[in-house]
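See structure below.
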Amino acid sequence: MPELPEVETVRQGLAKWVTGRRIATVEVRHPRAVRRHLAGDAHFAAVLAGRTVLDAHRRGKYLWLPLDSGDAVIGHLGMSGQLLVQPATAPDETHLRIRFGFDDDGPELRFIDQRTFGGLSVSEGGAELPAEIAHIARDPIDPAFSDDDFVAALRRKRTEIKRALLDQTLISGVGNIYADEALWRAKLHGARPADALTGPAARRLLGHVRDVLGEALVQGGTSFDALYVNVNGESGYFDRSLNAYGREGLPCNRCGSPIRRESFMNRSSYSCPRCQPRPRGTAVG
DNA sequence: CCAATACCCTGAGTGC
DNA sequence: TGCACTCAGGGTATTG
């Protein structure tokens with residue numbers, strides 16, 4: 001499940017393998033893989049053909065490739081998306097959705113997505129920062145991220161702290177895995193109300209979010225099932241470092257209590273019942 | 001305006 | 001063997 005470390009790993013691969021190359025052909029193999037493009041798949045392909053990729057950028061879990069036309073290709077991997085740089089001779093992947101060929105006859109760029117929660121789109125004039133993703137907050141690895149602004153905004157939220165961590169307009173790049181890991185490190189239960197956090201507690205939590213994202217990034221991200229891979233098809237190995245996520249019933253690495261799993265927002269939350277007690281007055285979900 | 005929920009999707013896994 | 005069901009969950013549209 002690609003979160004910031006995984007998407008950043010992909011961005012670095014794109015910057016290395018695609019920057020400076022001119023798109024020759026774009027083949028759309030599945031209509032749902034192209035997003036927000038009312039003019040249709042053929043137009044999507046036509047707009048991109050002949051354009052040179054200038055760089056690879058990221059905002060939260062979104063990627064974008066600025067083009068020499070001033071437009072940009074926006075990409076989101078969703079749950080199961082991959083962007084792979086593959087030799088043109090490599091057989092088509094089962095869930096190949098979009099293929100980019102380049103006029104240097106070098107390797108192709110392929111968008112592969114089993115569950116089609118991800119997709120690519122064109123942002124007109126979006127080379128600097130696509131308007132479509134301008135609502136996404138900066139991530140805590142971004143040098144321009146403001147700790148003070150985040151702490152203040154978090155403590156204004158009338159919601160649970162885990163919901164707030166997953167709110168990409170508040171802080172970006174955090175998904176279910178790293179939210180659980182940061183909360184475990186901070187010894188906080190995700191159901192605690194955000195507006196009840198003290199300033200120092202909020203600041204500590206942010207520090208743990210930043211640490212866990214940074215450590216995972218160094219390790220090339222997390223992979224459970226090889227669905228997530230970098231542009232060369234290689235998996236990260238941060239899953240060996242997880243303390244909470246996916247560890248139901250296994251002993252907490254701090255106190256030995258069995259990690260619990262609770263249902264939350266149609267997904268699972270993992271936490272230590274002793275280190276991360278539920279806030280008073282909340283039922284076990 | 002803000003918070004919470006429904007929905008999109010497919011393959012893996014499970015129970016009968 | 002196969003069928004029904006559950007689960008994975010990011011982002012957006014919709015609802016409250």
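Just so it is clear: chains get the letters A, B, ... in the order the sequence lines come, proteins before strands, and each one is counted from 1.
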- Message: In whole Å, I'd like the distance from the CD atom of A:Gln168 to the C1' atom of C:dG11.
- Response: 8 Å
- A:Glu132 atom CD is separated from C:dG11 atom C1', nearest whole Å, by 14 Å
- Item | A:Arg35 CZ - C:dG10 P separation (whole Å) | 15 Å
- Message: Please report the distance, rounded to the nearest Å, between CD1 in A:Ile177 and C1' in C:dA8.
- Response: 10 Å
- With sequence neighbours excluded, tell me which residues meet side-chain hydrogen bond (donor to acceptor under 3.5 Å, both in side chains) with A:Arg36. none
- Note on the structure: Cluster membership besides A:Leu54, Ile/Leu/Val/Met/Phe/Trp/Tyr side chains within less than 4.5 angstrom, sorted by chain and number, is none
- Message: C:dT12, OP1 or OP2 - any side-chain N/O from A:Tyr62 closer than 4.0 Å?
- Response: yes
- Query: What is the distance from CD1 of A:Ile136 to P of C:dG11, rounded to the nearest Å?
  - Reply: 6 Å
- Side-chain donor/acceptor of A:Arg267 to base of C:dG10, under 3.5 Å: yes
Contacts under 3.5 angstrom, residues 194-207 of chain A side chains, donor-acceptor by atom type, not counting sequence neighbours:
| from | atom 1 | to | atom 2 | distance (Å) |
| --- | --- | --- | --- | --- |
| A:Thr198 | OG1 | A:Ala201 | N | 3.1 |
| A:Arg203 | NH1 | A:Asp148 | OD1 | 3.1 |
| A:Arg203 | NH2 | A:Asp148 | OD1 | 3.1 |

- Heavy atoms of chain A, cut-off under 4.0 Å: which first and last nucleotide of DNA chain B, 5' to 3', fall inside that, if you could look? B:dA3 to B:dG11
- Looking at residues at least two apart in the chain, or sitting in another chain, which of them share a ring-ring contact (aromatic ring centres under 6.0 Å, His included) with A:Phe102? none
- Taking CD from A:Gln114 and P from C:dG10, how many angstroms apart are they, rounded to a whole number? 16 Å
- Item | Heavy-atom closest pair, residues A:Asp113 and A:Gly81 | OD1-N, 3.3 Å
- Query: In a check of side-chain hydrogen bond (donor to acceptor under 3.5 Å, both in side chains) between A:His189 and each of A:Gln276, A:Lys162, A:Glu262, which one passes?
  - Reply: A:Glu262
- Starting at atom CZ of A:Arg59, determine the distance to atom P of C:dG11, rounded to an integer number of angstrom. 13 Å
- Does A:His76 put a side-chain nitrogen or oxygen below 4.0 Å from OP1 or OP2 of C:dG10? no
- What nucleic acid atoms does A:His135 come within less than 4.0 Å of, heavy atoms only: base, sugar-phosphate, or nothing? sugar-phosphate
- Task: Just jot down the salt bridge (charged side-chain N to carboxylate O under 4.0 Å, His left out) partners of A:Arg58, sequence neighbours excluded, or say none.
- Result: A:Glu8, A:Asp139
- Item | Separation of atom CZ in A:Arg32 from atom C1' in C:dG11, rounded to whole Å | 11 Å
